[in-house]
Asker: 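Below: one structure in structure tokens.
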Protein chains: 2
Amino acid sequence: MREFFVTVDLVVLTIRESRLHVLLVERRYPPFEGEWALPGGYVLPEEDLTTAAYRELVEETAIGTGVHLEQLATYGAPERDPRGRTVTVAFLALVPQVGAPVAGTDASDAAWVPVADLEAGEMRLAFDHDDILADGIERARAKLEYSPLAAAFCPPEFTVAQLRGIYEAVWGHPLDPRNFHRKVTGSAGFLEPTGRTSTVDGGRPAQLYTRGALDTLSPPITRASG
Amino acid sequence: MREFFVTVDLVVLTIRESRLHVLLVERRYPPFEGEWALPGGYVLPEEDLTTAAYRELVEETAIGTGVHLEQLATYGAPERDPRGRTVTVAFLALVPQVGAPVAGTDASDAAWVPVADLEAGEMRLAFDHDDILADGIERARAKLEYSPLAAAFCPPEFTVAQLRGIYEAVWGHPLDPRNFHRKVTGSAGFLEPTGRTSTVDGGRPAQLYTRGALDTLSPPITRASG
DNA sequence: CGAATAGTGTCTATCAGACACTATGGC
DNA sequence: GCCATAGTGTCTGATAGACACTATTCG
């Protein structure tokens, strides 16, 4: 029995230009000075873990509405932080498209980076953040199958085509528009029609929806095939 | 930033007499002296989280082979432990049927308790262990659907009927023996026949299997209906 | 009108669930 | 033979995926 430092780290995902992006910060101080890392920070003495994660999210992105935040996993290898024994609780955040990220106090710069670039091995993150990121991406991909989570990437009202775009960006392959439409509109409680329509895409106006009350999708939308 | 205590707590599940049981210990010292709790303890200074969980598991159950151990979630509400700010990393362990549990140093007694009794609200656990237990049970139930995890409850070689008994005990309702048989034997890589047979149940001898290499079952075995 | 996107109908192969039937042991 | 359990065959209703077709807007 001894004392530990406890931090939270965030895998913040969003869709930009039809591609999945993750929020990274450039470290301003040692260790790993100048390298890219996941945003995060120390848990305060009287603060719950989720509260700490939410606070860090707001500090980094300046958004706080329509966000999905869930605990991912905890990483505590003895040598993972050279400053001392540190356990980090990782969270997964899914956010709608926003403007440029905000540089926080412990990061000299912050940026949205395409996940595909990181998966191609073009960049190594500080600490064990490559592992945490991989776990976060896999969690997001898996949860789209059976949860209405994709709506967390969308604005409050969205079309079926926008929602399909989320799935295509996260899974990295196209889906049949007609079957997708039938699937999501046919699952009672998954989407709620607003009665309004949107004409942004040049064709027939699309029905606008909000996320429904359902929190488990059965049967799931499968990602295996297009 | 301040220092925290870090512990691991275990949700250890097994099947006894065709019912799902969880391992509980009676606390020997305050806080919550005399109450029942999940087994667990402090993470040592140079110890990985999973190593700590495994150490606690061996201390409490004296078994170490054929066990499934996975991280569940982390709980860190500021007031969850009156001794000071403590974060606990909960693990889920699934073990084959074993003898009586072993009383550890920080528990005056240990016992296998039917999960159904706890779910009926007959018992309150110390700390926030009721929440942790509920999360662990739900994780186990969900993972049986799409993973070969049920084999972790079985001896090294087992029959299809034994495996079905696991599903029935965890999910709490009967499954059709014929459809279950066709399902599990038809998924290539899920089970490996050994060539040996077992005659323990009085009828036609059953083929014995070991767990196959597959780690994701597609399509899943659904728990919704019998 | 054509182009583009929204949304519906229909066909087919597959599969879950129900359940009749056969196989192989102990008594 | 009788009973119990193992394991197979067959039917039916539901559904995923493929894709033809209709609907509604813009220019």
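These numbers come from the heavy atoms of this one structure, side chains and all, not from hydrogens, waters or symmetry mates. Below, read A as the first sequence line, B as the second, and so on, with proteins coming before strands; counting in each chain starts at 1. This is a predicted model, so every value here is computed, not measured.
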Asker: Of B:Arg178 and B:Pro220, whose nearest nucleotide on DNA chain C comes first from the 5' end?
Answerer: B:Pro220

Asker: Measuring from the side chain of A:Thr222 (C-beta onward, heavy atoms only), which nucleotide among D:dA16, D:dG7, C:dC19 has the closest atom?
Answerer: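 Nearest to the side chain of A:Thr222 among the choices is D:dA16.
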
Asker: Provide, to the nearest angstrom, the distance between the CZ atom belonging to B:Phe180 and the P atom belonging to C:dA18.
Answerer: 15 Å

Asker: Please collect all ring pair (Phe, Tyr, Trp, His ring centres under 6.0 Å) contacts where either partner lies in residues 118-155 of chain A, sequence neighbours excluded, each pair once.
Answerer: A:Phe32-A:Phe127, A:Phe127-A:His129

Asker: Name every residue in residues 183-198 of chain B that has at least one heavy atom under 4.0 Å from any atom of DNA chain C, in order of residue number, or write none if there are no such residues.
Answerer: B:Lys183

Asker: Just do the salt bridge (Lys or Arg N to Asp or Glu O under 4.0 Å) check on B:Glu138 and B:Arg223 with the steps written out, would you?
Answerer: CA-CA 12 Å; B:Glu138 176 50 30; B:Arg223 62 175 144 161; 3.3 Å; yes

Asker: Could you pull out the closest heavy-atom pair between A:Ile132 and A:Ala90, with the gap in Å?
Answerer: CG2-CB, 3.6 Å

Asker: Just the rounded figure in Å: distance from P of C:dT10 to CG of A:Asp176.
Answerer: 17 Å

Asker: How many angstroms lie between CG in B:Asp128 and CZ in B:Arg80, if you round to the nearest 0.5 Å?
Answerer: 4.0 Å

Asker: Using a cut-off of strictly less than 4.0 Å, decide whether B:His181 has a side-chain nitrogen or oxygen near OP1 or OP2 of D:dA6.
Answerer: no

Asker: Would you kindly give the CG-to-C1' distance between A:Leu175 and D:dC19, to the nearest whole Å?
Answerer: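 Value for this atom pair: 16 Å.
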
Asker: In residues 204-215 of chain B, which residues come under 4.0 Å of DNA chain C by heavy atom?
Answerer: B:Arg204, B:Pro205

Asker: So if I apply the side chain to side chain contact (heavy atoms under 4.5 Å, CB included) rule between B:Trp112 and each of B:Leu13, B:Leu24, B:Val22, B:Thr14, which one comes out positive?
Answerer: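 One option only clears the test, and that one is B:Thr14.
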
Asker: Please give, in whole Å, the distance from D:dG17 P to A:Ile221 CD1?
Answerer: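 From A:Ile221 CD1 to D:dG17 P: 10 Å.
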
Asker: Which residues satisfy the side chain to side chain contact (heavy atoms under 4.5 Å, CB included) test with A:Pro219, sequence neighbours excluded?
Answerer: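 With neighbours one apart ignored, the set is A:Lys183.
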
Asker: Which residues satisfy the ring-ring contact (aromatic ring centres under 6.0 Å, His included) test with A:Tyr167, sequence neighbours excluded?
Answerer: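 Only A:Trp171, A:Phe180 meet the ring-ring contact (aromatic ring centres under 6.0 Å, His included) criterion with A:Tyr167.
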
Asker: Considering residues, nucleotides and ligands other than A:Glu17, do more than 12 of their heavy atoms fall under 6.0 Å from its CD?
Answerer: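 No, CD of A:Glu17 has 12 or fewer neighbouring heavy atoms, counting only those of other groups under 6.0 Å.
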
Asker: Closest-nucleotide mapping onto DNA chain D: is B:Asn179 or B:Arg164 further toward the 5' terminus? I mean the 5' end.
Answerer: B:Arg164

Asker: Contact class for A:Pro177 (heavy atom, under 4.0 Å): base, sugar-phosphate, or nothing?
Answerer: nothing

Asker: List the residues meeting side chain to side chain contact (heavy atoms under 4.5 Å, CB included) with B:Thr159, not counting sequence neighbours, and say none if there are none.
Answerer: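 B:Thr159: side chain to side chain contact (heavy atoms under 4.5 Å, CB included) contacts with B:Ala161, B:Gln162, B:Ser198, B:Ala206, B:Leu208.
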
